[in-house]
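One structure is given here, and the rest of the page talks about it.
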Amino acid sequence: MTSLKSDFLQILTERDFIHQATDLEGLDAKMAALEKEGPTSAYIGFDCTGTSLHVGSLVQIMMLRWLQKCGHKPIVLLGGGTTRIGDPSGKDESRKLLTDTDINRNMDGIRSIFDQFLTFGDGQNDAMMVNNAEWLDKLEYIEFLREIGTHFTINRMMTFDSVKLRLDREQPLTFLEFNYMILQAYDFMELGKRYYCALQMGGSDQWGNIVNGMELGRRAAGLSLFGLTTPLITTADGKKMGKTADGAVWLNEDSLPAYDYWQFWRNTQDADVGKFLRLFTELPMDEVRRLEALEGSEINDAKIILADEATKMCRGEKAAAKANATARETFVQGGAGADLPTVVIASGVFDGGIPVVDLFVEAGLGSSKGEVRRLIKGGGAKINDVKVEGPEQMVDESAFGEGQVKLSAGKKRHALVKLG
RNA sequence: GGAGGGGUGGCCGAGCGGUUAAAGGCACCAGACUGUAAAUCUGGCCUCGUAUGAGUACACAGGUUCGAAUCCUGUCCCCUCCA
């Protein structure tokens with residue numbers, strides 16, 4: 001890559017954020033002119049398909065954060081309107097249609113995430129959040145077709161992956177979904193007109209949608225727009241990043257406690273440490289290079305730093321410190337950290353003792369008694385770090401040395417039970 | 001509208017009257033090895049039960065049969081081809 005002049009693109013390149021970009025030099029020149037011409041604003045759209053976003057969206061969010069750090073203006077576009085259509089990109093089947101109340105609820109959840117990562121306000125490079133329902137809901141069909149529809153040919157639309165893949169696999173694509181890209185294109189143009197937004201970023205599956213928006217903006221409004229996509233982030237063994245046993249790794253505290261979030265990063269594979277440090281932390285590159293070069297068990301230090309940094313950003317300094325402390329106490333000192341999932345059980349329940357099996361289910365370390373029984377059979381269940389010998393074992397109040405009991409299912413899952 | 005094919009456990013996918021709680025694979029969980037890694041090996045993977053076992057289960061509802069995921073009837077859903 002030839003030398004880039006703008007800080008923003010320089011950083012993005014160095015940290016491997018960029019998969020494809022339109023006219024990188026042109027964009028670079030525009031962004032480098034920051035001091036004279038003011039900040040460039042750029043947007044990323046997020047559909048409101050769930051109450052939270054997961055780490056899959058984190059690359060995108062990090063880009064907005066860097067954008068702001070470099071003195072530009074990030075725009076978060078919530079897809080209040082487009083979510084009512086459903087993006088067919090990268091999906092074999094159309095998604096179930098969401099109700100408006102679902103969408104509104106989801107929007108609230110998602111909104112709260114961005115407060116962690118960006119600074120919102122009215123200043124020149126403060127972030128802003130907009131909802132595309134604001135303009136999409138008002139569109140008039142015939143008028144829209146005449147003004148916008150004339151700029152799209154079916155011939156070209158058929159060549160875009162989101163459409164082509166679906167058709168190639170002989171999967172149905174509804175007319176509703178077919179319109180998604182047009183509406184997203186319209187968004188880009190609208191943001192260009194309203195807020196001088198010149199750049200749209202997104203995941204690699206958004207390339208087609210982004211390019212469409214650029215072309216529409218140019219043809220229909222004479223705007224000069226740019227597009228940039230991130231690579232699909234996969235783990236070293238080729239899986240899509242961000243799925244764990246219990247599902248997605250959510251960014252919202254409500255959906256995933258900070259301790260688990262921290263653990264997710266802590267359990268990164270060796271081979272991914274460098275990549276993740278680049279993308280998901282703001283550590284200087286020298287530091288990243290030093291950390292990823294660590295070998296053997298030393299790389300664990302790098303993973304801890306990764307977990308600290310990532311958690312700090314998403315959940316705040318305190319939560320990160322707490323998660324770190326809990327992990328240290330639990331794993332290094334073999335104790336029980338305060339941040340472990342905790343269940344309070346009325347002390348009366350223990351009169352005469354209760355079966356271990358029930359206790360584990362109660363503590364959320366197993367979804368059924370059978371599952372816990374199997375765990376015990378496999379030798380994976382421990383109480384206060386003592387292996388549970390058999391499923392018939394009973395637990396009574398004598399186990400509560402300091403008012404709590406630590407239960408472990410395997411090496412990584414722990415929970416505390418307290419008397420209440 | 002017509003003709004045909006199909007709906008099996010989280011997913012893929014065998015089975016097509018009893019030997020089927022249902023092959024195999026993936027995913028997942030635990031153990032061993034380690035470094036809270038990867039790879040590998042071992043065990044597990046519907047619910048209840050210490051267990052012999054029992055209860056549910058192969059889209060849904062009925063029926064035939066000593067016995068059905070397997071045969072029949074109806075319903076719902078999906079796909080393909082034709083118009």
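Per chain, numbering begins at 1; letters A, B, ... match sequence-line order.
With contacts defined as side-chain heavy-atom distances shorter than 4.5 Å, the pair L359(A)/L407(A) qualifies.
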Generate the contact string for nucleotides 47-52 of chain B. Rules: B means base contact, S means sugar-phosphate contact only, - means no protein heavy atom under 4.0 Å. SSBS--
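We find that R218(A) and E215(A) are not joined by a salt bridge, their nearest charged nitrogen and carboxylate oxygen being 4.0 Å or further apart. The existence of a salt bridge linking R146(A) and E143(A) is excluded, since no basic side-chain nitrogen approaches an acidic carboxylate oxygen closer than 4.0 Å.
Of the N and O atoms on the side chains of D187(A) and W135(A), at least one donor lies less than 3.5 Å from an acceptor on the other residue.
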Might you work through the side chain to side chain contact (heavy atoms under 4.5 Å, CB included) test for I304(A) and R266(A), ending with a clear yes or no? CA-CA 6 Å; I304(A) 290 169; R266(A) 172 61 248 262; 3.8 Å; yes
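The C1' atoms of rG35(B) and rG55(B) are separated by 45 Å, rounded to the nearest whole Å. The separation of rU56(B) from rG62(B), taken at their P atoms, amounts to 14 Å, rounded to a whole angstrom. Taking atom P on both nucleotides, rA37(B) is separated from rA30(B) by 10 Å, rounded to a whole Å. For the P atom pair drawn from rU75(B) and rG2(B), the interatomic distance equals 13 Å after rounding to whole Å. Rounded to the nearest Å, the gap between the P atom of rU42(B) and that of rC26(B) is 13 Å. A distance of about 13 Å separates the C1' atoms of rA68(B) and rA57(B), rounded to the whole Å. Comparing the P positions of rC79(B) and rG18(B) gives a spacing of 33 Å, expressed to the nearest Å. When the C1' atom is used for both rA23(B) and rA14(B), the distance is 6 Å, rounded to whole Å.
Side-chain atoms of R413(A) lie closest to rC29(B) of the nucleotides rC29(B), rU34(B), rA37(B). The side chain of Q269(A) sits closest to rA38(B) out of rU36(B), rG35(B), rA38(B).
The side chain of K382(A) contributes no N or O atom lying less than 4.0 Å from OP1 or OP2 of rA30(B).
With ring centers used as reference points, F8(A) lies 6.0 Å or more from W66(A).
Nucleotide rG1(B) forms a pair with rC82(B), judged by Watson-Crick or G-U wobble geometry with both contacts under 3.5 Å. Base-pair partner of rG67(B): not found among the strands shown (Watson-Crick or G-U wobble, both distances under 3.5 Å). In a base pair of the Watson-Crick type (N1 to N3 plus N6-O4 or O6-N4) or a G-U wobble (N1-O2 and O6-N3), with each distance short of 3.5 Å, rA54(B) is matched with rU47(B). Under the Watson-Crick and G-U wobble criteria, each requiring two contacts below 3.5 Å, nucleotide rU73(B) is paired to rA61(B).
Of the possible polar contacts, one joining the T330(A) side chain to the G337(A) backbone as a donor-acceptor pair under 3.5 Å is found.
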